[in-house]
Peer 1: 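Sharing a structure, written as structure tokens. Questions coming.
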Amino acid sequence: MFVGRTAELASLRAELRAAGTGAVRRAVVEGPEGIGKTALIHHALGGDASVRVLAVSGEESERELRLGVIRQLMDEAALLDPGPGDLPGGGTGAADHLPVVGTELGAWGSGAVQGPCAWGSGTAHEVDPCVAGQAVCELVARLSALGTLAMVVDDAQWVDRASLRALGYVLRHLRAGRVLVLVACRDLADPWLPDGLRRLLAADGTLLVTLDGLSAADLAELATDPTLAAGHRGLGTYASLTGTPLEVLRPEAPRPDVPRPESPRPGVPRPDVPRPDVPRPESLRSNATRAEPPRSNGARPAGVVEAARRLREHTLGNPLHARALLAVLPPAVLADPGVRLPAPESYRRPFVRRLHDCAPATRRLVEACAVMGGPCPLHVAAAVATGIDEPLNTLEEAVAAGLLRELPGRLVDFPEPLARAAAYDGIGAGVRARLHLAASRLADDDGGAALRHRAAAADGPDEALAEELAGFAAKAAQHGLWQEAAAHLELAAGLTESPGRRDELRTAVLEHVLVGGDVIRAAELAAVRNADPRPVRRYVLGRLALAAGRFDEASELLGEAWRNAEPGFAADVAEQLAWLHLVNGDRAESARWARLSIEQPIAGPVARPYDVLALGGAPGAGAPPGSLAEAVAHLALDEAGQARAVLKRAATAGGAAGLPHHRLLATALLAVAEHELARWDESVAHAESALAEAFALGQRWLLPLLDAACVAPLEAKGEHERALAHAVAAVSAARGMRHALGERQADLAMALLGAADLPAGASCLGAGSFVPDPRPARVEALVADGRLEEAERALEAYDQDRPEGIGRLDALGQDRPEGIGRLDALGQDRPGGDGRLRERGRDGAGERRRRQAERVRLGGLVLAARNVPTEAEEAFGCALKLVGEGGCPLEEARTLLDLGRLLRRTGRRRAAAERLGAARAIFDRLGARPLAERCAQELEACGLEPPATVRLGLTPQELSTATLVAGGLTNRQIARELLISVKTVEYHLGKIYTKLGIGSRVALAAKLAAYGPEVSFPAGEAG
């Protein structure tokens, strides 16, 4: 199975295509042993049957065999002989040409390796590398005449020096032909490589691909390799993954595929997409995908995500070592943080060989460092090891052998986690215990290291040590270090003889892991038999059921815990019941339980009842400053700027307190605030990162809300497929869990996309919504469809629901009963002296002005559709005044766009172009691609700008740069042509790639080719 490396594959294949046009191309792939260099090259070259591959490789044992790799190359070339009939012009075949090559090389002596072509009777040492290089050039040129040729030199660090110098000659003199020369090595800076060859491989024009480890997502995919799964089944361990503990956390089903509803366009009715009302709506189908989290694969066990994360940390993503561990350890074991991961045999054998070649003192120092763990001072490691007279000399040998590395401050550590695992695995049990005891005497007790060393050295139960570990865990929990506390409690449980005390400690482990956010690990712990009869265990299990989305089970367990609650955890039980009622849609009961939590005499250490009150829309006087509750209040008042500032602090505070579920909610609402501020890239990043983390942790109860939070910013950016995938995922997850709050948010998301009708009760969105009000978009869609009566009714309903009548506008022109004029937002005073903006002295007036301007603009759209251009223009002008001074850029640009469309339709093209150009500049800055494209279409209709420039969305300077790039010029040549700096060219190129949604010069050339001669702007017009 080949996973990941998408960008690297694309780069190599692009070079191969470029070589096919007749240009000699060079590429280097570098990376450590086992990183996948050879697999990448084979995968890149194996997809095209028309490409001939001439592959050779170095070998450590043959490094001194002069011109050995050149001989390999000649032998391999003979196998590519097509026969004389296949050569252009009826020439001779490659094999027929080899004797000529042999003559030029001179004769090979009796010690030479004989192959398909005999090279004579001289000695290999008499052949000059340049002569060998010239022969290779002629051979490669001949073979490339038959088609594209890829010449691969793998493991260049083991190639003999004479062959490397011959290769340098080839790279310098091979100038024409359909050839890709691809060199793979561990490190291009390796001093074994000749300087001339290294300079050629590092020069401009050579593609350098440096391979790092695979990502956790790639390793998760690798873990599903059926050959590895078969191996686990043979060991009798793989089947355990599908047991009850993980089954309840597995994604309920593959994401349903959904159709992509077209965006509303003038004169085109919206498709009738049915609103999904079943957990897995079969009527919805789509090919939409998204990168993270990998929830589309319903067959992947939830524990694989955590297993992949730990595997990435342990192996640094090295595919060779990762596959070796996956072959012997199932994901359930890899995911268990209580299991120390070993080093695979592929790593351990060479490490042990290097270790045994060292002096005894060096071996003792390495063993001591393995027991100490992370970076430690050299003098401490030497003291633990004992018997080391010259620590610096000993360290020098260990570093030279690649066993240790020296860090600043005379610290020592292993070069990678696998090295420590290999060293630790090789220590005998008795020696390991003695080293741990020695380390405990030198460790700093404040960090718990001494306790951990003592526990590792224990040879049986130790009640006193168990209680010391439990005491340290209590202190760690006070600082929000829940996972560290759980680890110490687990050690304590293993050191106690009392079954009752052991069960109590394991209940505490479960609670700490769960509060720390890892629901998947908590589910595994909960599956272990535990006879703890205390009500606190019912509370912990109820909390787990709620986080896992099993709400009926959570209700039963938490209800039982409340009936027997003790003061120490009563506040936490009440808060969990408040969350449960909120997700079940009972806001009144949720508020009652939240207030009960607040009223408890002992505050829950992890309870946040004010946050529940705020998300449920209930008043919560007394909420602590900087909390999620304060941010929700700002959002309810359209104060997105203030909400964003508070939420950034709340997310950070949640992380410091070790409460991921609160941090994830704060991050999702931060995305909501950023969407309101038109910071869509940041909004998408925050929403999708929160969603991916929630999925990785098994926080299923948050998934519908976090999926819904992704929809609006993605739709605003024009990524309709991804937005729709998130919306349907929210629908499916919410209905699968019977998550009423999630269903409501999912329905609003579908309505925002035009894929469903507005859900009942949407006239009161309430506080803490993860989806913006879909009604303005609904009004715009109705106007675009020509359904003006419905648009007016929707506008009236919208007016009635807006607090304090903000931005009321009579779209038809009649006077309102309360005496408010047709355009009361223009500045006339309202009865009673109430001003038009009703500022109320708050800093969030800009957001409220935006809401008012939006309402006025919508009324202007209706007036324009009613063919009342004068009043419509007046309304748009009023909206622009409301959003003046740059406070609401998105609404300002929307208004400019609508005003520009009105001006164009009334024949004022230059005035229209001015407004449309200003709108497009704002949309470009915000990344609102659909709206920028709409501006471009309107500008093109004005006939005042070059059509291709408008459609591409590029400035004249950018278009000139793009044209020269497509013509094959380098950045330096373009700079000289346009009389600008190279950095300016790079800046323009970055903007061009972003605007056109591409990532390479080849894609840019293809994009411009679609526009024909329209894009050929003279350089003099640039800028």
Side-chain angles (χ1 to χ4, degrees), residues 473-482 485-486 489 504 507-517 522 532-547 551 553-584 586-633 650 653-654 656-663 665-666 701 741 767-768:
K475 294 178 182 177
Q478 290 175 356
H479 293 88
L481 303 174
W482 301 102
L489 287 168
E504 290 178 3
T507 295
V509 172
L510 172 59
E511 180 182 12
H512 285 61
V513 168
L514 185 58
V515 171
D532 186 358
R534 298 174 302 155
V536 68
R537 182 163 178 83
R538 306 275 83 73
Y539 150 66
V540 174
L541 292 175
R543 187 178 190 118
L544 171 61
L546 172 59
F551 300 143
E553 181 184 341
S555 178
E556 180 181 347
L557 288 166
L558 290 171
E560 182 182 348
W562 176 255
R563 288 190 293 273
N564 301 280
E566 299 171 0
F569 65 92
D572 294 311
V573 177
E575 186 233 19
Q576 288 297 292
L577 283 165
W579 282 113
L580 177 63
H581 286 289
L582 181 63
V583 299
N584 283 335
D586 191 342
R587 295 188 176 190
E589 193 67 5
S590 174
R592 185 177 77 83
W593 280 106
R595 293 190 179 98
L596 272 173
S597 177
I598 294 170
E599 293 167 2
Q600 296 306 305
I602 300 178
V606 297
R608 300 291 188 273
Y610 286 104
D611 294 348
V612 191
L613 282 173
L615 288 169
S627 64
L628 186 146
E630 180 188 355
V632 170
L659 302 175
H661 50 295
H662 288 289
R663 175 169 51 79
L665 281 169
W701 72 299
L741 177 62

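All values derive from a computational prediction rather than experimental measurement.
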Peer 1: For Glu553, give me all partners under salt bridge (Lys or Arg N to Asp or Glu O under 4.0 Å), at least two apart in sequence or on another chain.
Peer 2: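 Arg550.
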Peer 1: Determine the minimum heavy-atom distance between Ala508 and Leu489, stating which atoms define it.
Peer 2: CB-CD1, 3.7 Å
Peer 1: Under the side chain to side chain donor-acceptor pair (under 3.5 Å) test, which residues partner Arg543, sequence neighbours left out?
Peer 2: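 Applying side chain to side chain donor-acceptor pair (under 3.5 Å) to Arg543 gives Tyr539, His661.
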Peer 1: Under the salt bridge (Lys or Arg N to Asp or Glu O under 4.0 Å) test, which residues partner Glu589, sequence neighbours left out?
Peer 2: Arg592
Peer 1: Tell me every residue that passes salt bridge (Lys or Arg N to Asp or Glu O under 4.0 Å) with Arg663, counting only those two or more places apart in sequence or in another chain.
Peer 2: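 Result, salt bridge (Lys or Arg N to Asp or Glu O under 4.0 Å) vs Arg663: Glu693.
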Peer 1: Does Leu613 form a side chain to side chain contact (heavy atoms under 4.5 Å, CB included) with Ile598? I'd like the steps, not just the answer.
Peer 2: CA-CA 11 Å; Leu613 282 173; Ile598 294 170; 3.9 Å; yes
Peer 1: Considering residues at least two apart in sequence or located in another chain, which fulfil the side chain to side chain donor-acceptor pair (under 3.5 Å) criterion with Asn584?
Peer 2: none
Peer 1: Verify side chain to side chain contact (heavy atoms under 4.5 Å, CB included) between Asp611 and Leu665, making sure each step is shown before the conclusion.
Peer 2: CA-CA 10 Å; Asp611 294 348; Leu665 281 169; over 6 Å; no
Peer 1: Out of the candidates Val573, Leu544, Leu546, Leu541, only one should pair with Leu557 under the side chain to side chain contact (heavy atoms under 4.5 Å, CB included) rule; please name it.
Peer 2: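 Exactly one pass, corresponding to Leu541.
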Peer 1: Minimum heavy-atom separation for Ala618 to Arg595, with atom names?
Peer 2: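 Heavy-atom minimum between the residues: CB-NH2, 4.0 Å.
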Peer 1: List the atom of Ser555, the atom of Leu580, and the distance in Å for their closest heavy-atom pair.
Peer 2: CA-CD2, 3.5 Å
Peer 1: Checking Ala565 now: which residues fulfil side chain to side chain contact (heavy atoms under 4.5 Å, CB included) with it, not counting sequence neighbours?
Peer 2: Trp562, Phe569, Ala570
Peer 1: Specify the closest pair of heavy atoms between Leu510 and Ala522, including all atoms of both residues, with the distance to one decimal.
Peer 2: CD1-O, 3.2 Å
Peer 1: Under the side chain to side chain contact (heavy atoms under 4.5 Å, CB included) rule, what do Leu628 and Arg608 come out as? Steps first, then yes or no, please.
Peer 2: CA-CA 9 Å; Leu628 186 146; Arg608 300 291 188 273; over 6 Å; no
Peer 1: For Ser590 and Ala578, work out which heavy atoms get closest and say how close.
Peer 2: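 The answer is OG-O, 2.8 Å.
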Peer 1: Only counting residues at least two apart or in another chain, list the ones meeting side chain to side chain donor-acceptor pair (under 3.5 Å) with Glu575.
Peer 2: Trp579
Peer 1: Holding to side chain to side chain contact (heavy atoms under 4.5 Å, CB included), I want the full list of residues that pass it with Ala571, two or more places apart in sequence or in another chain.
Peer 2: Ser597, Gln600
Peer 1: Just verifying a value: how many Å separate Leu741 CG and Leu615 CG, rounded to the nearest 0.5 Å?
Peer 2: 8.0 Å
Peer 1: By salt bridge (Lys or Arg N to Asp or Glu O under 4.0 Å), which residues pair with Glu504, not counting sequence neighbours?
Peer 2: Arg501
Peer 1: For His512, which residues count as a ring-ring contact (aromatic ring centres under 6.0 Å, His included) partner, sequence neighbours excluded?
Peer 2: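 In terms of ring-ring contact (aromatic ring centres under 6.0 Å, His included), with neighbours along the sequence ignored, His512 is linked to Trp482.
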Peer 1: Can you give me the closest heavy-atom contact between Ala476 and Ala485, atom names plus distance?
Peer 2: CB-CB, 4.0 Å
Peer 1: Distance from Leu481 atom CG to Lys475 atom NZ, nearest 0.5 Å?
Peer 2: 13.0 Å
Peer 1: Quick one: list whatever passes side chain to side chain contact (heavy atoms under 4.5 Å, CB included) with Pro605, sequence neighbours left out.
Peer 2: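 In terms of side chain to side chain contact (heavy atoms under 4.5 Å, CB included), with neighbours along the sequence ignored, Pro605 is linked to Asp572.
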Peer 1: Going by the rule side chain to side chain contact (heavy atoms under 4.5 Å, CB included), which residues pair with Ala633 if we only count those two or more places apart in sequence or in a different chain?
Peer 2: none
